[in-house]
Protein chains: 2
Amino acid sequence: MPNNQFKRGELYSFMTGKASTAIARRLQKNFKQSGIEITVEQWSVLYHLWKQDGMSQQELCNATFRDKPSITRLVDNLEKLKLVKRVASKDDRRMNMIYLTEEALKLETQTMEVANITLNEALEGVSTENIAICKEVLQLVYDNLK
Amino acid sequence: MPNNQFKRGELYSFMTGKASTAIARRLQKNFKQSGIEITVEQWSVLYHLWKQDGMSQQELCNATFRDKPSITRLVDNLEKLKLVKRVASKDDRRMNMIYLTEEALKLETQTMEVANITLNEALEGVSTENIAICKEVLQLVYDNLK
DNA sequence: GGCATATAGTTAGTTATGCAACTAACCAAA
DNA sequence: TTTGGTTAGTTGCATAACTAACTATATGCC
């Protein structure tokens, strides 16, 4: 059990996720400054749809690590913003396939640029090796708990 | 600029903070299973008060990386639960000093035990060196953006 | 003392999250 | 085909977050 001797402070910094909160806040701020009027949560949904358009809500739940009500409401808001459309599946009428609108397609390049800038701000001064190790640890933590 | 060549997937896993979300959810679940009826956010405030009782709300903002309205409402809810008390400072009447109640003092040992168990679940299979590197990276990210 | 400014905290409005309960559609076994 | 269980999505309720605007107190400069 090599992990039993963790001290409180270490524990706490892991628990709270200050780093990811800080990244999300900065991304939101950078979106705003670029005149992009979406939330980072909405962006995280669009992100997966840019990779693969026409996902079901359940697939978006898995992809974004959110529960079903969260996705329902995010899709609600994205629909209000005319960025996505719900289309009932022909094969299985329980399912909504979520499709990007023209306007959402246009957002991809611009938002990804802002996201990359934000990430570079965040990772300034961090070595490539350590970033890789950090990613690996976070992935393991996620796998341990999901 | 060693960080410019990041690929989307890497970027995204950093952005979303799935690992910290997963830890927070697991901690909440473990609290519930132990019969502890507080939220992880409330716990994070109590955590700092256990270290130093009688902090002001502004100090709690800095410590927990939350804004003032968030702390106002967390303290509201903690007061409703009779876990803390607001006491107006004599030196500066703008300030509320937040004090733990007897009941909150009793919660420390039990919740810290649950938190330690949760952390061990999360970090199972991760080497001590890599945990240290990961912490270091997250701290740097936080410092870059805060 | 009096006025401008800064700081501590609150309130209001919108968005997001988690949980539980619900509806609708699908599916498989009797 | 009917019944019972499962899956996809929605709704209601409570908590929490960010922004902006607000009140009240303190401070510093004239």
Side-chain angles (χ1 to χ4, degrees), chain A residues 16-18 20-33 37-46 54-81 83-84 86-98 145, chain B residues 16-18 20-33 37-45 54-81 83-84 86-98:
Chain A
T16 49
K18 282 187 192 181
S20 61
T21 304
I23 293 177
R25 273 187 211 167
R26 177 64 65 94
L27 180 60
Q28 185 72 71
K29 184 179 149 196
N30 288 349
F31 278 163
K32 192 162 194 180
Q33 282 184 351
E37 297 288 338
I38 59 175
T39 66
V40 292
E41 293 85 358
Q42 290 165 359
W43 176 79
S44 80
V45 171
L46 294 178
M55 294 175 81
S56 72
Q57 295 190 195
Q58 185 58 54
E59 286 170 328
L60 286 172
C61 291
N62 301 334
T64 64
F65 195 50
R66 289 183 167 85
D67 66 356
K68 291 192 292 175
S70 293
I71 290 297
T72 292
R73 292 184 219 280
L74 280 170
V75 172
D76 285 348
N77 287 334
L78 285 168
E79 231 177 5
K80 277 185 215 158
L81 295 169
L83 293 174
V84 304
R86 281 181 169 94
V87 178
S89 166
K90 287 172 186 169
D91 301 337
D92 184 339
R93 283 187 301 156
R94 289 172 304 180
M95 286 201 286
N96 294 331
M97 315 308 279
I98 311 300
L145 298 182
Chain B
T16 50
K18 282 187 191 180
S20 61
T21 304
I23 293 177
R25 276 187 208 166
R26 178 63 65 93
L27 180 59
Q28 186 72 71
K29 184 178 150 196
N30 288 349
F31 278 163
K32 193 163 191 177
Q33 283 183 352
E37 297 289 338
I38 58 174
T39 67
V40 291
E41 293 85 1
Q42 289 165 0
W43 176 79
S44 80
V45 172
M55 295 173 81
S56 73
Q57 294 189 196
Q58 185 59 54
E59 287 171 328
L60 285 172
C61 291
N62 301 335
T64 65
F65 197 47
R66 290 182 167 85
D67 65 357
K68 291 191 293 175
S70 296
I71 290 297
T72 292
R73 290 191 216 282
L74 281 170
V75 172
D76 284 348
N77 286 334
L78 285 168
E79 230 177 5
K80 277 186 215 157
L81 294 169
L83 293 174
V84 304
R86 281 181 170 94
V87 178
S89 166
K90 286 172 189 171
D91 301 336
D92 185 340
R93 282 188 303 158
R94 290 173 305 180
M95 288 201 286
N96 294 331
M97 316 307 280
I98 312 300

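In what follows, chains carry the letters A, B, and so on, assigned in the order in which the sequence lines appear, proteins first and then strands, with residues in each chain numbered from 1.
In this structure, the separation between NZ on B/K90 and CE on B/M97 is 11.5 Å, given to the nearest 0.5 Å. Note: A/L46 CG to A/T39 OG1 = 8.5 Å, rounded to the nearest 0.5 Å. Atoms OG and CG, from A/S44 and A/L60 in turn, are 9.0 Å apart once rounded to the nearest 0.5 Å. For the atom pair CD of A/E59 and CD1 of A/I71, the computed distance is 11.5 Å after rounding to the nearest 0.5 Å. A distance of 4.5 Å separates NZ in B/K80 from CG in B/N77, rounded to the nearest 0.5 Å. For the atom pair CG (A/L81) and CD1 (A/I38), the distance works out to 8.5 Å, reported to the nearest 0.5 Å.
As rounded to whole Å, 9 Å separates atom C1' of D/dA17 from atom CD of B/E41. Summarising the geometry, the separation between CZ on B/F31 and C1' on D/dT15 is reported as 15 Å, rounded to the nearest angstrom. Atom CG of B/D67 and atom P of C/dT15 are 17 Å apart (whole Å). In this structure, A/E37 atom CD and C/dT15 atom C1' are separated by 14 Å, rounded to whole Å. Following rounding to the nearest Å, B/N77 (CG) and D/dA17 (P) show an atom-to-atom distance of 10 Å. Atoms CG (B/L74) and P (C/dT17) sit 17 Å apart, rounded to a whole Å. Atom P of nucleotide C/dG18 and atom CG of A/L145 are separated by 14 Å, given to the nearest angstrom. Atom pair B/N62:CG and C/dA8:C1' shows a separation of 12 Å (rounding to whole Å applied).
Side-chain atoms of A/E37 never come within 3.5 Å of backbone atoms of A/F31 as a donor-acceptor pair (strictly under, hydrogens ignored).
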| note | Per-nucleotide protein contact along nucleotides 4-11 of chain D, 5' to 3', at a 4.0 Å heavy-atom cut-off (B base, S sugar-phosphate only, - neither), is ---BBBBB

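A residue-by-residue look at A/K90 and A/K80 shows that A/K80 has its nearest nucleotide of DNA chain C further toward the 5' end. Residue-to-nucleotide proximity on DNA chain D shows that, of B/Q42 and A/K29, the 5′-proximal contact is made by B/Q42.
Considering only side-chain atoms of B/K32, the nucleotide from C/dA20, D/dT19, D/dA16 that sits closest is C/dA20.
Listed pair B/R93 / D/dA26 meets the phosphate criterion, a side-chain N or O lying under 4.0 Å from OP1 or OP2. For the OP1/OP2 pair of D/dA17 and a distance below 4.0 Å, the side-chain nitrogens and oxygens of B/R66 include at least one atom meeting the criterion.
An end-to-end axis angle of 10° holds for the helix from C/dG1-D/dC30 to C/dA30-D/dT1, taken from five base pairs per end and rounded to 10°.
Contacts classified as salt bridge (Lys or Arg N to Asp or Glu O under 4.0 Å) and involving residues 66-77 of chain A (residues at least two apart or in different chains) are given here: A/D76-A/R86.
Looking at heavy-atom distances under 4.0 Å, A/Q28 makes no contact with the nucleic acid at all.
With respect to B/Q42, the side chain to side chain contact (heavy atoms under 4.5 Å, CB included) criterion is satisfied by exactly one of B/L74, B/V84, B/V75: B/L74.
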